[in-house]
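Report on the following structure.
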Amino acid sequence: MSSLKIGICGLGTVGSGVVNIFNAHHGLIQQRCNNDLELLHVGARRDNSDCDTSDYRVSRDIFEVVRDPEVDVVVELIGGTTVARDLVTQAIEAGKHVVTANKALIAEFGNELIALAERAQVALRFEAAVAGGIPIIKVLRESLAANVVSGVAGIINGTGNFILTEMAHEGRSFEDVLAEAQALGYAEADPTFDIDGTDAAHKLVILASLAFGIPLDANAAVTEGIDTVTPEDLDFAKELGFSVKHLGIARRSGDALDLRVHPTLIPINRQIARVDGVLNAIMVEADSVGEIVLTGPGAGSLPTASSVCGDLMDLGRVLNHSLVDPTPTLGVPSDQLQTLPLIPRHEVAGVWYLRLVVEDRPGVMAEISGLLSARGISIEQLVQRPPAEGSSHVTVVILTDAVMCGHLDSAILDIETLPALSGSVVRLRVESFKEA
Ligand code: HSE
């Protein structure tokens, strides 16, 4: 039996999960990868009472793990992109394999790190970086390798889905649910990226890179967060037969790509509309397999650690037979990745939900529909709530027909000049997908 010694850097939510899995399943891990896969060294600034590290070498300086000559694989679980980038770079330069759960690091610095790993002939694996416990990286890189992928779409931030679900189903406040998501270890240490869509955008560009064979570009996706979704919109969506999900969408159209993350109304009878709580779901559409949907926990200690351990065991198996991991990190060697142009946001067509507060007087709706139709936009559905007692304004919700985003931008600018309008127009995208 060959052996692989593991050093973990970071003992937060995911790091403690990996230690707990090794403590509980060490024998099973060794048996299943026929490798004496051993957790040797843990680097963390402080202990974590959620796990027992008494069997391992422990260092307060995480770089001690990288410098440990006995460590073969460094597992980077500290998050962030500054120290983590140095750590991973040093590990690769020291000839060590790297496993990470760090989506920001891979999205922002993956190109340079993958090239470095290829030169050093070491593996760089990051199954846990996207969708927590769902093994989507391996599926795209290996299981679907014979397919031409036309689209990947899904719920890829657990915190965001947990917040939207609790707000919609339980009527809880955003702040209250966010605090619980933090306590449960779903949210990032600084949850800004969960809320403003950056975390999902990082994950989407990783998926797009694997799906379409393109280099990583952290800023490629049009990005909107869940912070624009109000309880009122969740109520209207429900009334109209939709649920609201924060989606990442990567679609290939000819030789161009549409990449975006944003809150989305989805008809409630679609499978993905009913994926709730911390669950994630990813749909892949590809020429040979057709459509597949993978669902599972998108965040949390053990689910994410499960993916880290899967990578480690995969490496253990591969390195039983070879000195080098032969699987290219992104499915093809990095010098074979090909950049594809992005479809500009204003050229992407779609259906929209609009919410407006307008004066309750004759002619106002005619003005609004006139401005929409002047831009070639048809109204598919319109709902008006009766004015609150004593109010001179009503809330109106409109579902448009499919429209080019740039035309909608122009129509909204026009509508926002109307004296009858109070505040600005709220807009959310609608995606219907296929019947479940
Ligand atoms: N904060 C992330 C999420 C963790 O909620 O999805 C998993 O990447």
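This chain uses plain numbering: 1 for the first residue, then up along the sequence. Order of appearance sets the numbers: ligands from 1, and atoms from 1 within every ligand.
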Less than 4.0 Å between a side-chain N and a carboxylate O, is that true for Arg125 and Asp325? yes
What are the polar N/O contacts of ligand 1 with the protein below 3.5 Å, with distances?
unit_1: ligand 1; atom_1: 1 (N); unit_2: Tyr186; atom_2: O; d: 2.8
unit_1: ligand 1; atom_1: 1 (N); unit_2: Glu188; atom_2: OE2; d: 2.6
unit_1: ligand 1; atom_1: 1 (N); unit_2: Asp194; atom_2: OD1; d: 2.8
unit_1: ligand 1; atom_1: 5 (O); unit_2: Gly158; atom_2: N; d: 3.3
unit_1: ligand 1; atom_1: 5 (O); unit_2: Thr159; atom_2: N; d: 2.8
unit_1: ligand 1; atom_1: 5 (O); unit_2: Thr159; atom_2: OG1; d: 2.6
unit_1: ligand 1; atom_1: 5 (O); unit_2: Tyr186; atom_2: O; d: 3.1
unit_1: ligand 1; atom_1: 6 (O); unit_2: Asn157; atom_2: ND2; d: 3.4
unit_1: ligand 1; atom_1: 6 (O); unit_2: Gly158; atom_2: N; d: 2.7
unit_1: ligand 1; atom_1: 6 (O); unit_2: Lys203; atom_2: NZ; d: 2.9
unit_1: ligand 1; atom_1: 8 (O); unit_2: Lys103; atom_2: NZ; d: 2.6
unit_1: ligand 1; atom_1: 8 (O); unit_2: Lys203; atom_2: NZ; d: 2.8

Salt bridge (Lys or Arg N to Asp or Glu O under 4.0 Å) pairs, two or more places apart, involving residues 132-151: Lys138-Glu142, Lys138-Asp314
Does Phe433 have Arg270 sitting over its ring (NZ/CZ under 6.0 Å from centre, angle to axis within 45°)? no
For residues 208-224, which residue pairs qualify under side-chain hydrogen bond (donor to acceptor under 3.5 Å, both in side chains), counting only residues two or more places apart or in two chains? Glu224-Arg429
My understanding is that only residues two or more places apart in sequence, or in another chain, count here; which of them pass side-chain hydrogen bond (donor to acceptor under 3.5 Å, both in side chains) with Glu347? none
With a 4.5 Å limit on heavy-atom distance, are the side chains of Glu180 and Phe162 in contact? yes
